[in-house]
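Quick notes on the structure that follows.
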Amino acid sequence: MKIAITGGSGFIGQRLMALLQQAGHECVNIDIRAAQPIDILDLPGLTSALKGCDGVYALAAEHRDDVTPRSRYYDVNVKGTKNICDACDANGIKRLVFTSSF
């Protein structure tokens with residue numbers, strides 16, 4: 001299975017990716033800190049990155065207390081999640097595991 005992990009460069013994402021790869025899955029890291037950065041706020045880029053994926057783990061979130069501007073919490077956690085859902089729909093992806101930082 002080809003599985004995308006948003007927030008794949010984070011603490012949990014790195015470990016999840018390693019476990020999935022050990023189980024024989026191909027993984028795509030969707031993260032602004034990845035070797036090839038992809039921002040979940042960039043819907044066309046996200047949609048393109050999810051092509052060919054069978055499922056998505058949505059771990060990306062803005063969660064620090066010192067984020068500026070504060071509107072970034074809403075942008076990433078709400079708009080970014082909507083973009084993930086829209087990109088999944090555009091690619092016919094039916095498997096989405098969503099986690100929340102709230």
Side-chain angles (χ1 to χ4, degrees):
M1 233 178 159
K2 184 174 179 182
I3 302 171
I5 302 169
T6 69
S9 294
F11 181 81
I12 295 170
Q14 289 178 26
R15 282 140 187 87
L16 175 61
M17 190 172 305
L19 289 171
L20 290 170
Q21 288 171 333
Q22 286 174 4
H25 299 288
E26 178 184 352
C27 294
V28 178
N29 184 3
I30 309 288
D31 199 301
I32 58 173
R33 296 179 307 173
Q36 296 179 343
I38 302 165
D39 191 336
I40 62 171
L41 295 177
D42 172 14
L43 181 56
L46 178 60
T47 301
S48 178
L50 293 182
K51 282 192 172 116
C53 289
D54 302 297
V56 176
Y57 281 89
L59 305 178
E62 195 60 72
H63 55 82
R64 294 176 48 108
D65 290 336
D66 59 353
V67 173
T68 57
R70 301 244 345 140
S71 60
R72 183 134 175 92
Y73 286 108
Y74 177 84
D75 291 343
V76 172
N77 296 334
V78 178
K79 290 180 183 176
T81 300
K82 182 177 183 329
N83 283 350
I84 293 168
C85 292
D86 291 345
C88 284
D89 283 344
N91 283 293
I93 299 170
K94 303 295 183 197
R95 295 175 183 99
L96 172 63
V97 177
F98 172 77
T99 62
S100 176
S101 63
F102 300 114

Counting N and O atoms only, with roles assigned by atom type, does the side chain of D39 sit under 3.5 Å from a partner on the main chain of L41, one being a donor and the other an acceptor? yes
Short question: side chain of S48, backbone of P44 - any donor-acceptor pair under 3.5 Å? no
Residues which pass side-chain contact (heavy atoms from CB on, under 4.5 Å) with K82, listed by chain and number, not counting sequence neighbours: D86
Which atoms form the tightest heavy-atom contact between G52 and K2, and what is the distance? O-CD, 3.5 Å
Once you round to the nearest 0.5 Å, how far does [atom1] of [X] lie from [atom2] of [Y]?
X   : Y   : atom1 : atom2 : value
T47 : N83 : OG1   : CG    : 7.5 Å
C88 : K94 : SG    : NZ    : 9.5 Å
I40 : I30 : CD1   : CD1   : 10.0 Å
D89 : L50 : CG    : CG    : 11.0 Å
M1  : H25 : CE    : NE2   : 7.0 Å

If you define the side chain from C-beta out and look only at heavy atoms, does anything of C85 sit under 4.5 Å from L96? yes
Tell me which pairs pass salt bridge (charged side-chain N to carboxylate O under 4.0 Å, His left out) where either residue lies in residues 40-54, with sequence neighbours left out. none
Ignoring hydrogens and angles, write down the donor-acceptor pairs under 3.5 Å from the side chains of residues 3-19, residues two or more places apart or on other chains.
unit_1 : atom_1 : unit_2 : atom_2 : d
T6     : OG1    : L59    : N      : 3.1
T6     : OG1    : A60    : N      : 3.3
S9     : OG     : N29    : ND2    : 2.9
Q14    : NE2    : S9     : O      : 2.7
R15    : NH1    : F11    : O      : 2.9

